[in-house]
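Given the structure is predicted, the values throughout are model-derived calculations rather than measurements.
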2 protein chains.
Amino acid sequence: MAQSDLDRFDRRLLALVQRDAAQTADALAGQVGLSASAVQRRLKRLRETGVILSEIAVIDPLKAGKPNFFLAALEIERERPELIARLRQWLGAEEQIQQVYYVTGTADFVLVVVAPDVGAYDALMSRLMADNPNVRRFTTNVALGVGKRGLFVPIAD
Amino acid sequence: MAQSDLDRFDRRLLALVQRDAAQTADALAGQVGLSASAVQRRLKRLRETGVILSEIAVIDPLKAGKPNFFLAALEIERERPELIARLRQWLGAEEQIQQVYYVTGTADFVLVVVAPDVGAYDALMSRLMADNPNVRRFTTNVALGVGKRGLFVPIAD
DNA sequence: AGTGAAAAAGTAGCAAT
DNA sequence: ATTGCTACTTTTTCACT
């Protein structure tokens with residue numbers, strides 16, 4: 001499903017379920033101006049075509065787990081592009097690595113890492129360096145707090 | 001509800017619904033070893049006590065919206081702590097600012113920003129600087145791609 | 001896309017542990 | 001205090017218009 005396949009109703013639905021995926025189809029129907037079954041059909045299609053990747057519960061880290069957040073900026077040797085794919089795969093497989101951004105600028109990759117404590121973070125990053133020789137160095141910013149945490153994607157309406 | 005109030009069942013439920021919040025209580029019940037009604041009660045309680053903040057649909061940015069991601073590192077004047085609360089509030093109110101981390105190190109705040117294009121990002125950051133005089137400067141990393149995007153919080157089992 | 005019936009899931013009360 | 005069961009209600013699913 002390409003972006004152009006999303007009509008106004010789909011886009012409005014996506015905006016709504018990104019904020020609250022637990023709403024009933026009936027509630028959504030009222031907001032977008034369709035019947036409940038039309039909403040169901042559209043949501044089903046959006047899930048099947050991968051526009052909606054998943055529906056997840058967002059947990060308050062202060063109330064469950066009390067993890068620490070770290071931001072790591074990796075600098076890569078670009079001479080060996082074949083190693084980059086391996087690195088991406090490695091990053092994707094680590095559950096403590098929550099987010100991976102491939103960036104330009106002072107760094108090449110920026111990671112959002114969540115770990116129970118500094119020791120676990122250190123252990124993770126040691127493994128990262130040991131397993132991926134093309135990571136030249138990295139810098140870490142330790143998060144003292146998290147002000148906001150979301151995955152909202154704005155959709156042109 | 002403090003963390004210590006979460007027993008083994010709660011923790012296992014949280015681990016499961018963080019991956020898939022659309023599962024039925026019956027399916028969850030089988031995985032944690034409780035009845036469906038016990039699961040429902042616990043989930044309700046976890047929502048009411050704010051351990052579960054929300055349930056959201058995760059959208060594939062490439063298939064909907066095709067936004068650009070930016071990582072902004074803000075450097076703050078610490079001389080006026082009263083302005084920091086205002087800044088935090090400002091950041092929280094902006095929908096394009098998806099995530100805010102309060103960090104130590106080279107920067108004070110790191111933002112994950114999602115915007116339709118560079119122009120929208122520039123406009124946002126101009127407003128940020130205009131409205132918050134205590135932001136001394138910021139650096140931006142433009143994301144060429146996003147390798148992974150999640151909010152999973154590991155919970156000691 | 002909407003309608004309506006059947007199936008499934010969620011909610012609430014209750015006895016038992 | 002919390003479980004599992006059961007009756008009840010809501011929501012989803014699906015065939016049909």
Round to the nearest Å and state the distance from [X] atom [atom1] to [N] atom [atom2].
| X | N | atom1 | atom2 | result |
| --- | --- | --- | --- | --- |
| A:Arg8 | C:dA1 | CZ | P | 16 Å |
| A:Leu34 | D:dT12 | CG | P | 15 Å |
| B:Gln40 | D:dC8 | CD | C1' | 14 Å |
| B:Arg41 | D:dT2 | CZ | P | 9 Å |
| B:Asp10 | D:dT3 | CG | P | 9 Å |
| A:Asp26 | C:dG10 | CG | P | 17 Å |
| A:Phe9 | C:dG2 | CZ | C1' | 13 Å |
| B:Arg45 | D:dA1 | CZ | P | 10 Å |

query = So which nucleotide from C:dG4, C:dA9, C:dA1 ends up closest to the side chain of A:Ser37?
reply =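 Selected nucleotide (nearest to the side chain): C:dG4.
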
inquiry  = Both conditions, 6.0 Å and 45 degrees, for the charged tip of B:Arg42 above the ring of B:Phe9: are they met here?
reply    =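 Output no; distance or angle outside limits.
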
task = With B:Leu74 as reference, evaluate B:Val110, B:Asp108, B:Leu111 under the side-chain contact (heavy atoms from CB on, under 4.5 Å) test and give the passing residue.
result = B:Leu111

Angle between terminal axes - the helix from C:dA1-D:dT17 to C:dT17-D:dA1, 5 pairs each end, rounded to 10° =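 Inter-axis angle at the termini of the helix from C:dA1-D:dT17 to C:dT17-D:dA1: 30°.
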
key: A:Arg78 atom CZ: more than 12 heavy-atom contacts under 6.0 Å   =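 Open.
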
A:Glu82, CD: over 12 other non-hydrogen atoms inside 6.0 angstrom = yes

ask   = Between A:Lys148 and B:Glu95, is the closest basic N to carboxylate O distance under 4.0 Å?
value =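 Result for this pair is no, no salt bridge flagged.
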
query = Quick one: does B:Arg86's side chain have a donor or acceptor within less than 3.5 Å of a partner on B:Asn132's backbone?
reply =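 Side chain of B:Arg86 to backbone of B:Asn132, a donor-acceptor pair under 3.5 Å: no, none is there.
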
task = Return the 5'-most residue of the pair A:Thr24, B:Gly33 with respect to DNA chain D, ranking by each residue's nearest nucleotide.
result = B:Gly33

